[in-house]
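Lettering follows sequence order; numbering is per chain, from 1.
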Amino acid sequence: MTTAAPQGDVSTPAASPLETVTRIASEVARVHADSVDREGRFPVEAMEALKRARMLGLLVPASLGGPEVPLDQVASMCEALAHHCASTAMVFAMHHIQVACLARHGMASPMLRAYLTELNEKQLLIASVTSEVGVGGEMRASVTAVEQRDGRFSLDKDATTISYGEHADDLLATARRAPDAPRNDQSLVLLRKGSFTLERTSNWDTMGMRGTCSPGFKVRSTGPSEHVLPVAFADIASQTMVPVSHVLWGSVWLGIAAGAVARARAFVRQQARAKPGTVPPTASRLAEVHNLLQTMRASVHEVSAEAGRRMAASDPEALSSISFSLKMNNLKVSASTLVADIVHRALLICGIQGYKNDSPFSLGRYLRDAHSAALMIGNDRILATNASLLLVLKED
Amino acid sequence: MIESIRNILKEHARLSTDITTLSDTADLYQAGMTSHASVNVMLALEASFDVEFPDRMLKRTVFQSVSSIREAVEELTAGK
Ligand SMILES: Cc1cc2nc3c(=O)[nH]c(=O)nc-3n(C[C@H](O)[C@H](O)[C@H](O)COP(=O)(O)OP(=O)(O)OC[C@H]3O[C@@H](n4cnc5c(N)ncnc54)[C@H](O)[C@@H]3O)c2cc1C
């Protein structure tokens, strides 16, 4: 018996945002990943494709005309992109971290609400300026201060690292709240294109993550005081920037690890095909690394889901709690350690074919990209924070 | 109690402002207390008042000012 669908009712459902990004990952990001890495250039093709598919406003609230996609979906997109091009994935992740901060802490400001609507309409790209000469990787301290007078702000900052600074439309920068404020009393400020200048102060000739194009810049900016977010950066950091960063970064690293294991799997399959009927010796190493990948995936997904739930419940207390901070920090440390371990093991499986730059099983780029994870906010720094948090945590 | 709290803050909060110039309601974070310093403040309060801050009290707002700290310590010592 056949049950014929009524005519006209056989339309394929429109692709979901995740399906669209997964397709861009394999059809665009993958194709250009090697040249992006070799030339240390911005992944223009993939970022253009993501823009055209309207994937830069995903976290803009529905009340402002955005799609308001849940965080775990954006995380899955980061993972899908990183499978093929970690630089594209990291740019995508960093952009959405900035949007999340605005969407969750700028809603009280009419100007920032209008900005978010505009960001979604025009698919604007935002970069982050938290790093600064003199504070190292300590995000919760600034040297420079934002000055406000007659409804205008001015902010000049000597940043050590601004990913895709030259390709972004707008920037979000941290600074001391006022000239007399201490280093850790910070504000977050939106710098609009046309009202800031960038003077490049260093190069970005790195081992990996070369396509993020993240040299140092001197930033000079002015703008209306409304662009200074009305909330203390301490709250933005603990409730949004840190958890969203660790979730999205962790997802990028998971994607790198999964991409490397996929290459190892293809290699082992090729070996098996060469000698039908035998299991190649590398297969048991593949079983081991696949096991590790599953551990990493379970951990990233579990902690990400919890972060998503806590953020959706918008309970600031639950997001600022010590046990939650510890958990998010642990996610960063474990995912960034596991990614390097997993890629290394995949390399051993592929052997010289993984070590060569021009083989289909090459793992050089994966290995180099993976090693950015542990130092992107140094793991020792994070473990030192956890050590002090554990002095006060009473139960788990 | 205020005096002991202020002494602990003086010793452990590493404020960039002199504690004696701050009112009981002044924001200690705005006066330069880092979250790392607030951990030491908490440990000193626990030792000095022989209390334990339960996890639910371990939040920024509790350690925000001299008076919010006093309220918390009073709550913890109330049953003693
Ligand atoms: C791919 C990539 C993209 C980036 N993009 C941006 C961006 O767009 N915007 C931006 O602002 N920044 C960006 N950064 C910079 C990043 O956020 C950190 O600022 C930077 O990686 C830290 O630099 P650092 O290692 O020199 O400094 P530090 O964090 O000072 O680390 C130096 C060393 O000291 C150790 N250390 C420091 N403090 C402690 C401590 N308390 N306890 C124990 N050990 C400690 C560290 O573990 C490390 O070994 C990016 C970094 C990377 C890798």
Side-chain angles (χ1 to χ4, degrees), chain A residues 105 135-136 138-143 145-146 174-187 231-242 310 315-329 380-396, chain B residues 5-6 8-23 25-66 68-69 71-73 75-77 79-80:
Chain A
H105 302 278
V135 296
E138 190 182 353
M139 189 178 74
R140 285 289 288 102
S142 294
V143 176
V146 54
T174 47
R176 286 185 297 122
R177 186 177 47 82
D180 60 355
R183 289 157 59 93
N184 63 313
D185 183 10
Q186 298 160 289
S187 292
V231 189
F233 179 64
D235 293 330
I236 300 176
S238 67
Q239 294 169 26
T240 305
M241 192 179 274
V242 172
R310 287 194 190 223
D315 172 4
E317 292 298 341
L319 292 166
S320 310
S321 80
I322 296 211
S323 61
F324 182 66
S325 300
L326 277 162
K327 205 170 203 176
M328 297 315 297
N329 286 345
D380 280 348
R381 192 185 270 285
I382 293 183
L383 287 170
T385 303
N386 277 10
S388 108
L389 292 178
L390 283 164
L391 291 178
V392 301
L393 186 74
K394 301 293 178 333
E395 52 201 75
D396 210 349
Chain B
I5 293 174
R6 283 179 167 271
I8 286 170
L9 287 169
K10 187 167 172 224
E11 204 165 330
H12 299 285
R14 302 229 229 112
L15 303 177
S16 52
T17 319
D18 182 357
I19 180 82
T20 54
T21 66
L22 291 176
S23 75
T25 53
D27 188 322
L28 297 170
Y29 295 102
Q30 287 191 1
M33 184 170 69
T34 61
S35 43
H36 185 73
S38 70
V39 168
N40 291 326
V41 168
M42 189 215 74
L43 292 170
L45 290 165
E46 290 192 338
S48 160
F49 293 101
D50 190 24
V51 291
E52 272 215 1
F53 282 84
D55 286 339
R56 70 177 166 83
M57 278 197 181
L58 300 178
K59 50 196 185 192
R60 233 177 117 71
T61 46
V62 167
F63 295 89
Q64 189 119 26
S65 65
V66 173
S68 65
I69 292 174
E71 271 172 40
V73 173
E75 188 185 329
L76 291 174
T77 50
K80 296 207 169 202

Asker: Top residue by heavy-atom pair count (under 4.5 Å) with chain A, among B:Gly32, B:Ser35, B:Pro54?
Answerer: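 Looking at each option in turn, the highest pair count goes to B:Gly32.
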Asker: Would one find more than 12 heavy atoms of other residues, nucleotides or ligands at under 6.0 Å from atom CZ of B:Arg14?
Answerer: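 No, because the 6.0 Å sphere around CZ of B:Arg14 holds 12 heavy atoms or fewer from other groups.
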Asker: Taking side chain as everything from C-beta outward and backbone as N, CA, C, O, which of these in B:Thr61 sits under 4.5 Å from a heavy atom of chain A? Side chain, backbone, both or neither.
Answerer: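 Only the side chain of B:Thr61 comes within 4.5 Å of chain A.
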Asker: Under the rule for ring-ring contact (aromatic ring centres under 6.0 Å, His included), what residues qualify as partners of A:Phe233, not counting sequence neighbours?
Answerer: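 Residues passing ring-ring contact (aromatic ring centres under 6.0 Å, His included) with A:Phe233: none at all.
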Asker: Does any heavy atom of chain A fall under 4.5 Å from the side chain of B:Leu58, the backbone, both, or neither of them?
Answerer: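 For B:Leu58, heavy atoms of backbone and side chain both lie under 4.5 Å from chain A.
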Asker: I need the single residue from A:Leu393, A:Ile322, A:Val392 that forms a side-chain contact (heavy atoms from CB on, under 4.5 Å) with B:Asp55. Which is it?
Answerer: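 The side-chain contact (heavy atoms from CB on, under 4.5 Å) with B:Asp55 is passed solely by A:Leu393 among A:Leu393, A:Ile322, A:Val392.
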Asker: Quick one: pull up OG in A:Ser320 and NZ in B:Lys59 and give me the separation to the nearest 0.5 Å.
Answerer: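 Separation between the atoms: 9.5 Å.
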Asker: Which residues from residues 179-186 of chain A are near chain B, with near meaning under 4.5 Å between non-hydrogen atoms?
Answerer: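 Only A:Pro182, A:Asn184, A:Asp185 of residues 179-186 of chain A have a heavy atom under 4.5 Å from chain B.
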Asker: Nearest 0.5 Å, what's the NE2-CZ distance between B:His36 and A:Arg140?
Answerer: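 B:His36 atom NE2 to A:Arg140 atom CZ measures 14.0 Å (nearest 0.5 Å).
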Asker: Is it the backbone or the side chain of B:Ser16 that comes under 4.5 Å from a heavy atom of chain A, or both, or neither?
Answerer: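 Answer is side chain: those atoms of B:Ser16 sit under 4.5 Å from chain A.
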